[in-house]
Number of protein chains: 2
Amino acid sequence: MGGPRFEPVRAVRAYERVVEQIEEAVESGALTPGERLPSERELMVQFSVGRSTVREALRVLQARGLVRSRPGDPNGAEVLPFSPVVLKKSMTTLARVSELSLGELVQFRMVLDATAVLLAARLRTEEHLAEMAAAVDDMKAADAADAAAFGAADAAFHDAVARAGGNKLIQVCTDVVRAVMAGLVEDRLARAPDREALMRRGVAHHEDVIAALRAGDGPLAARLTRQSMYDYYAGHLPAEERAALRALLE
Amino acid sequence: MGGPRFEPVRAVRAYERVVEQIEEAVESGALTPGERLPSERELMVQFSVGRSTVREALRVLQARGLVRSRPGDPNGAEVLPFSPVVLKKSMTTLARVSELSLGELVQFRMVLDATAVLLAARLRTEEHLAEMAAAVDDMKAADAADAAAFGAADAAFHDAVARAGGNKLIQVCTDVVRAVMAGLVEDRLARAPDREALMRRGVAHHEDVIAALRAGDGPLAARLTRQSMYDYYAGHLPAEERAALRALLE
DNA sequence: GGTCATTTGTGCGTATGTATC
DNA sequence: GGATACATACGCACAAATGAC
């Protein structure tokens, strides 16, 4: 008793150790985006593992969005800047396997987008406001039949708001959830009979939000944002989910 | 002009096509958690690819948390139920490479946890309230020196609240962000001089939240939750981040 | 624009350790 | 304990793609 307390060891795969080392180098900043990893044959020498081990490690790193490798590239795998595509992917998986309802997604965005505008009311600059106004102009200019252009402009607006709010986590999450929602319901929305009216109302709402932000009235901007989200999606929700959403309109 | 509109083709790797097919089978429910994939040798026959291709595909699927394979397992890779570990991983990466501040994380949880309790005030059952009460009891029972036990009980409380709120996305996200925060600041909190006072205050706050939920007063419960989060972390934040948080206390 | 060395993508054979029966 | 089937890992060979000269 009182001897050394040995810890149970779990067999850790060779490729995992390769992943850990490269991952640490990337996340710590020792490798910056745009830099290149050594070639696979060079890596197998440095780690003293086989090439298949190196390749499996690179696949995992690629799946995590940290590097990208192309066939024949003499420079080796490229270190990538952070991108939310991996988050989007795993959240899309979450939506599919746990069967997230549209109502849950709308609820999530109602809360986070409203928070973003609330924060933006304190921190917004003239540049931010100009970006938002430009996005709204694009929404107006979009052909009524071109749902993709309208959606892209809408996304640009919300991204500008989120950036103005200054919380990168909220910015990424709203972006991810918006993309997931678009993938789930874009065709349904594009065929809605009252689509044009919804689009016009959305533009008007966005202009009201800009006015509130310019005036520095965060709570008003947040209310407008929640109401806008509710109006846009409520028609596509069953009654009980609509009720859950109204609980957030305060 | 007016001819067929050809789309640009991107060379898609063999292992990617294997990943897509298995992923679709898992996410569509054709393969349910606990089921086994065919062995690697069987898969290389079915997809008519080489062994390395199969293995790289399995690595990607494993990195996405869909399957797990163990050496020597005669049954082949196992299909896994959804777990938020992949989301945790990518959000931790986000936190590291985009240098998320503690303030941004706290802000995020203040908003989403407050929303969860607001929703829980409408939907909570007696079972939910009993779970919350049990978690608070565990927090009280935790030794003052055992930060891990206290944290686990606190996590159980918030998880019960999030489940009562009925939004699975909010539940997962708050859980993920709590884990990320714990990884970043657990040692700092464990060594705080006023740790015991913070713990006592946290317990009292949680009991107030339960009382508000029992009374069905969602807005009160939400305010209490935001205030509790602020009190617990404000001491570890620089002044300007504290100010941004106070903007959410309303 | 073309040639060529290099690299990645892929397939295959083999040895080894492990889990299950 | 032994037999069997499996995953892990190594190393080589060839095709396709890339980048540099």
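In what follows, chains carry the letters A, B, and so on, assigned in the order in which the sequence lines appear, proteins first and then strands, with residues in each chain numbered from 1. Only this structure's heavy atoms are used, side chains among them; waters, hydrogens and symmetry mates stay out.
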Among [options], find the residue that satisfies the side chain to side chain contact (heavy atoms under 4.5 Å, CB included) test when tested with [X].
| X | options | result |
| --- | --- | --- |
| B:L43 | B:V49, B:V54, B:T53 | B:V54 |
| A:V161 | A:M132, A:H128, A:E131, A:R124 | A:M132 |
| B:V79 | B:T32, B:I22, B:L37 | B:L37 |

Touch class at under 4.0 angstrom, heavy-atom based, for A:G50 against every strand present: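 Sugar-phosphate, no base atom in range.
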Classify the nucleic acid contact of A:R55 as base, sugar-phosphate or nothing, counting any heavy atom under 4.0 Å across all strands shown.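 Result for A:R55 = base.
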In the structure I gave you, are the side-chain heavy atoms of B:V172 and A:L94 within less than 4.5 Å of one another anywhere?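 B:V172 vs A:L94: side chains touch.
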Is any side-chain heavy atom of B:L66 closer than 4.5 Å to one of B:L80?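 The answer is no; the side chains never approach within 4.5 Å.
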Please report, rounded to the nearest Å, how far the C1' atom of C:dT18 is from the CG atom of B:D73.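 Atom-to-atom, B:D73 to C:dT18, this comes out as 10 Å.
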In whole angstroms, how far is the P atom of C:dT10 from the CG atom of A:L58?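 Nearest whole value for this atom pair: 13 Å.
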Does NZ or CZ of A:R17 lie under 6.0 Å from the centre of the six-membered ring of A:F47, at an angle within 45° of the ring axis?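 Cation-pi check for A:R17 and A:F47: fails.
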Can you tell me if A:R59 touches the phosphate of C:dG9, counting only side-chain N or O atoms and a distance under 4.0 Å to OP1 or OP2?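 Yes, such a contact exists.
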Would you say a side-chain N or O of B:T53 is under 4.0 Å from OP1 or OP2 of C:dG9?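 Indeed not, no polar side-chain atom of B:T53 lies that close.
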5' to 3' on DNA chain D, which nucleotides open and close the contacts with chain A (atom under 4.0 Å from a heavy atom)?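 Footprint of chain A along DNA chain D, 5' to 3': D:dT8 to D:dG19.
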Considering heavy-atom distances to DNA chain D, does A:R70 or A:S48 have its closest nucleotide positioned more toward the 5' end?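 Nearer the 5' end of the strand: A:S48.
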Which comes earlier along DNA chain D counting from the 5' end, the contact point of B:S52 or that of A:P74, where each point is its nearest nucleotide?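 Comparing both residues, the 5'-ward one is B:S52.
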Salt-bridge present (B:K89, A:E23; N to O < 4.0 Å):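 Yes.
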Does the pair B:R59/A:E16 count as a salt bridge with the N-to-O cut at 4.0 Å?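 A salt bridge is absent here (no side-chain N lies under 4.0 Å from a carboxylate O).
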Proximity to the side chain of B:Y15 - top-ranked nucleotide from C:dT10, C:dG11, C:dT20: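 Of all the options, the side chain of B:Y15 is nearest to C:dT10.
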What heavy-atom pair brings A:D175 and A:P84 nearest, and what distance separates the two atoms?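 Shortest heavy-atom separation between A:D175 and A:P84 comes out as OD2-CG, 4.0 Å.
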Ignoring hydrogens and geometry beyond distance, is the side chain of A:R51 in donor-acceptor contact with the base of C:dT10 at under 3.5 Å?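 Indeed there is one.
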Under 4.0 Å from any atom of DNA chain C, heavy atoms only: list the residues of residues 30-44 of chain B that qualify, in numerical order.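 DNA chain C contact set from residues 30-44 of chain B: none.
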